[in-house]
Amino acid sequence: MSVFSEPDPSVNPLVLLGAELRKHRKMANISIERLAEVIQFSASLVGFIERGQRTPSRNFMQRYDDALEAGGELVRLWEHLTRAASPRWFRGWLDVEQEAHTLHTWEPLVMPGLLQTEEYARAVIRGEPGITEEQVEKAVAARMERQEIFARAAPPLFRAVLDEGVLHRPIGGREVIRRQLERLAEAVESPRIKIQRDLAWNPGRLRPGGNDSAGGPAGPSGAVTVGSRELLSPAVSGSRGTPR
């Protein structure tokens with residue numbers, strides 16, 4: 001297994017990842033067109049990702065890795081770069097998300113991070129004071145990686161309660177919010193995802209009982225998120241701030 005050092009903060013992680021993908025593809029002497037045919041993604045998307053202009057999904061990375069017989073190296077690099085983009089204080093919560101069978105969240109200001117489109121996430125993150133474009137792209141990639149929990153064989157049950165204003169706040173502009181609302185409509189088709197809107201809701205209702213749970217106090221967006229795992233030992237609680 002390859003061991004990766006912490007990414008250079010001055011380097012856009014998507015550009016770094018794309019360069020590694022391109023290098024491995026050329027070493028295998030495979031054209032973009034042929035690779036796209038094998039992994040069943042468009043050649044234009046492969047090109048965008050190799051140039052660091054799009055954020056690849058886990059599915060894309062796994063197929064790319066398999067096609068080049070990279071033995072998981074490219075997937076591990078992708079995981080490393082996206083995880084490193086999260087604040088250090090938040091990385092423990094990522095482990096909770098990966099293991100949780102139930103996730104509850106209350107969002108008073110923005111859409112839940114686990115259901116955000118890439119465009120919406122980028123608009124939200126760009127609103128943070130002093131953030132650079134490189135940091136924005138790192139954070140967007142990390143957020144998209146988190147959403148892969150819904151692709152698990154046994155995805156978590158996710159329940160989100162949204163303040164009414166979240167649905168009407170035009171973050172990123174009309175087209176961005178339109179596509180974000182379409183994403184929510186698609187999400188609720190899953191029996192594992194429930195979304196409720198509420199004007200006056202008490203986040204204390206989220207606290208589950210009788211399970212091993214980890215909860216987060218209000219994060220930068222005022223959000224509260226609770227994750228529950230099956231009880232394997234006496235209940236243990238921890239708290240984490242949860243970025244959007």
Side-chain angles (χ1 to χ4, degrees), residues 1-100 113-119 121-122 125 131-156 227 229 240 243:
M1 179 181 295
S2 299
V3 177
F4 306 107
S5 59
E6 285 296 311
D8 182 344
S10 66
V11 176
N12 184 317
L14 293 182
V15 173
L16 176 61
L17 177 61
E20 285 297 313
L21 296 180
R22 186 168 59 253
K23 181 181 74 174
H24 278 73
R25 177 177 59 77
K26 288 185 175 181
M27 288 174 58
N29 197 28
I30 299 177
S31 68
I32 283 184
E33 292 74 19
R34 175 54 182 158
L35 180 64
E37 182 181 348
V38 171
I39 67 176
Q40 298 184 321
F41 282 94
S42 70
S44 61
L45 178 61
V46 174
F48 277 126
I49 289 174
E50 287 190 356
R51 293 191 297 272
Q53 296 174 325
R54 291 290 187 278
T55 303
S57 66
R58 178 179 289 276
N59 183 32
F60 177 94
M61 289 301 307
Q62 189 62 64
R63 292 189 187 190
Y64 198 110
D65 191 293
D66 290 344
L68 299 183
E69 299 181 348
E73 180 179 350
L74 297 176
V75 172
R76 289 192 294 273
L77 175 60
W78 173 78
E79 290 175 341
H80 180 75
L81 290 174
T82 53
R83 187 177 182 86
S86 299
R88 291 185 183 278
W89 56 266
F90 184 65
R91 294 174 193 174
W93 176 257
L94 296 178
D95 294 330
V96 174
E97 280 188 342
Q98 289 297 318
E99 299 174 6
L114 289 173
L115 298 179
Q116 290 178 6
T117 64
E118 184 174 329
E119 295 169 307
R122 186 172 285 109
I125 295 166
I131 194 168
T132 66
E133 278 302 305
E134 289 79 12
Q135 291 170 327
V136 168
E137 292 306 319
K138 287 181 181 181
V140 170
R143 190 158 302 178
M144 295 303 101
E145 195 272 341
R146 286 172 56 207
Q147 296 180 7
E148 294 297 325
I149 63 172
F150 294 120
R152 291 185 337 206
R229 295 168 290 195
R240 296 283 177 185

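The ring pair (Phe, Tyr, Trp, His ring centres under 6.0 Å) search around F60 returns F41, Y64, not counting sequence neighbours. The side-chain hydrogen bond (donor to acceptor under 3.5 Å, both in side chains) test applied to S31 returns no partner, not counting sequence neighbours. Every residue was checked against the side-chain hydrogen bond (donor to acceptor under 3.5 Å, both in side chains) condition with Q147, not counting sequence neighbours, and none meets it. Every residue two or more places apart in sequence or in another chain was checked for a side-chain hydrogen bond (donor to acceptor under 3.5 Å, both in side chains) with R22, and none qualifies. Residues forming a salt bridge (Lys or Arg N to Asp or Glu O under 4.0 Å) with E69 (at least two apart in sequence, or on another chain): none. With sequence neighbours excluded, no residue forms a side-chain hydrogen bond (donor to acceptor under 3.5 Å, both in side chains) with Q40. In terms of the side chain to side chain contact (heavy atoms under 4.5 Å, CB included) criterion, residue partners of E118 (sequence neighbours excluded) are, by chain and number, T55, R122, V140, M144.
Applying the ring pair (Phe, Tyr, Trp, His ring centres under 6.0 Å) rule to pairs touching residues 133-155 yields F150-F158, sequence neighbours excluded. Residue pairs meeting the salt bridge (Lys or Arg N to Asp or Glu O under 4.0 Å) criterion with at least one member in residues 26-36, sequence neighbours excluded, are R34-E37.
Atom CE of M61 sits about 11.0 Å away from atom CD of E148, to the nearest 0.5 Å. For the atom pair L21 CG and R25 CZ, the distance stands at 9.5 Å (nearest 0.5 Å). Put simply, CD on E137 and CG on L16 are 13.5 Å apart, with the number rounded to the nearest 0.5 Å.
Using a 4.5 Å cut-off on side-chain heavy atoms (C-beta onward), I39 and V46 make contact.
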